[in-house]
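Taking it in order: structure first as structure tokens, then the write-up.
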Amino acid sequence: MKGAPRRRRIPGALITGVLVLAWGAAQADVAAVRAPAQPAPATARSAARPIHKSAIASAHPLASAAGREILAQGGNAFDAAVAVSAALAVVEPSSSGLGGGGFYLLRRADGSATLVDAREKAPQAATRDMYLDAAGQPIADASTDGPRAAGIPGEPAAFEYLARKYGRLPLKTSLAPAIRLAREGFPMYARLQSGIRYKRGNLLHSPAAAKVFLTQGGEPPQIGAMIKQPDLADTLQALAERGAAGFYAGRVARDLVAGVRAGGGIWTLADLAAYRVVERKPVTGEYHGARIVSAPPPSSGGVALLDALNILSGFDLGNFDPATRKHVIIESMRRAFRDRAVYLGDPDFVSVPVALITSRAYAAGQGASIRVDKAMPSDLLPGVDAPPGGMQTTHFSILDSAGNAVAATISINLWLGSGYMVDKTGVLLNDTMDDFSAKPDQPNAFGLVGGSANAIAPQKRPLSSMTPTFVTTKDGMMIVGSPGGSFIISMVLLATLNYVDGMSAADIVKYPHYHQQYLPDVVDYESGALTPEEITVLQAKGQKLKEGRRAWGNMQVVTWDFASGAVQAASDPRGEGAGLVY
Ligand code: GLY
């Protein structure tokens, strides 16, 4: 690209070695604040805990209510997860849906955990260079707009898998609230209205989407107008009656493929028929006695979270002044995001060195390169501006009274996904193909760069930042996650540190965020996240600060205190969600 800074790809391990040499001079400072010996990790579950209530936190009150309705009918957390996901597909179509996918982190009542990977997959006809022009340059908007940007959805397959393997209720029961909401409608609200206004240009090119999300005059509906989605209700009904086959085969599948191809996409019936969720072992680690369980690749979320926490384990954050504490956390983010860019991709296609990146020895090398007095410049690899992290994607947290828990982060990627709804299905297509690296080191919509590990290939899952996470201490447990693209990882990192420090669920969700993702070499922060004094100190250390024009994230947290049985459910006040204790 003419005039663009040239990028150099430098292997992470090499960078670490260079940094340790270059920055090691300040290690006397670091040694003074090394962490004390860590307490023993919390056990997954101790005996004889008091009876506790169920709790749900999600991004929309109607979705939380759908989950509660299913718990009241004898469903467990996994049935409720189906109900909440399906309801969000209806009432928060800007953020997730049947046309998308995501990650369901499950905790069984015995404390064991697993992850259902329902991430979208590249169609069989996808090619490495499909979003590049003849000169090898990215074609503007090609990986974000219209059906060609859509991967094969995973969320409908997750519904059947969760219900069959882990739930107690049939799909037709768990999907009933969502079907009702799609048929009877829900009232338009401000955040969805602004998402529609932002994506209006795309929606106007998709008659089915325009029919649902725009007035006859082509404008977003007024606040409070009822949004009805009869085609989506029919598709949900097909799922309720036939399970995954109601979506991936038969009438709905034929309509999906015909609609995608009519819009220039490349899906086939075989792509849909071949889609399967994958059950994966979560990544696990410890931070100051807390046990962390999170999403493994193809999400980068858990690995980057553990990478940062392992680095921070080498410091006693409580001993720092507030600005230096934030500086060290920012430096841990910088290093974790660098590893994300270099190493991570779909583990079914590339070898991801998870054990290495999440090891204490590796973190010690990373930590040794951190100077408490000075930011490490990222300008070895020049960056570009990232858009403000938004509320694309959605998260919900559920705990049932038996101790089953779900942390689910699900998505159609950017606001209203690709902006294309397939006629007769009510399915709004994702634009998750943009989460691949269309070109090595070319930033995607979140300003994230990646290498060949995340290159496009048929049937491959694009790398994600979604970070559904369980944090367990000896006293209790937090179920946490958030939307926000690359910012998700930093938000969950801050939430983890805050929970370990004893913060309540309500304070964790409203905590002001800051974020560093290696490239661009900038610390984004929300208004109020840094005091004027902290800004002065961080700038003096060399941090390049950029205040965001708006808030980001929509965190949903459930906490459970083991001794008292008290549970809390908190929904981020930046959104309009609801935390219910039932
Ligand atoms: N689509 C956003 C992510 O998965 O990171």
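For ligands, and for the atoms within them, numbers begin at 1 and follow the listed sequence.
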Could you list the residues that satisfy ring pair (Phe, Tyr, Trp, His ring centres under 6.0 Å) with Phe337, not counting sequence neighbours? His515
Under 3.5 Å, is there a donor-acceptor pair linking the side chains of Glu526 and His513? yes
With under 30° as parallel and over 60° as perpendicular, where do the rings of Tyr248 and Tyr275 fit, or are they tilted in between? parallel
Distance dump, ligand 1 polar atoms to protein, N/O, under 3.5 Å:
residue: ligand 1; atom: 1 (N); partner: Asn413; partner atom: OD1; Å: 2.7
residue: ligand 1; atom: 1 (N); partner: Asp435; partner atom: OD2; Å: 2.7
residue: ligand 1; atom: 4 (O); partner: Arg119; partner atom: NH1; Å: 3.1
residue: ligand 1; atom: 4 (O); partner: Arg119; partner atom: NH2; Å: 3.3
residue: ligand 1; atom: 4 (O); partner: Asp435; partner atom: OD2; Å: 3.3
residue: ligand 1; atom: 4 (O); partner: Ser464; partner atom: OG; Å: 2.7
residue: ligand 1; atom: 5 (O); partner: Ser465; partner atom: N; Å: 2.7

Set of residues satisfying salt bridge (Lys or Arg N to Asp or Glu O under 4.0 Å) with respect to Asp348, sequence neighbours excluded: Arg280
Mind checking whether Tyr514 and Tyr525 have ring centres under 6.0 Å apart? no
With sequence neighbours excluded, residues passing salt bridge (Lys or Arg N to Asp or Glu O under 4.0 Å) with Glu547: none
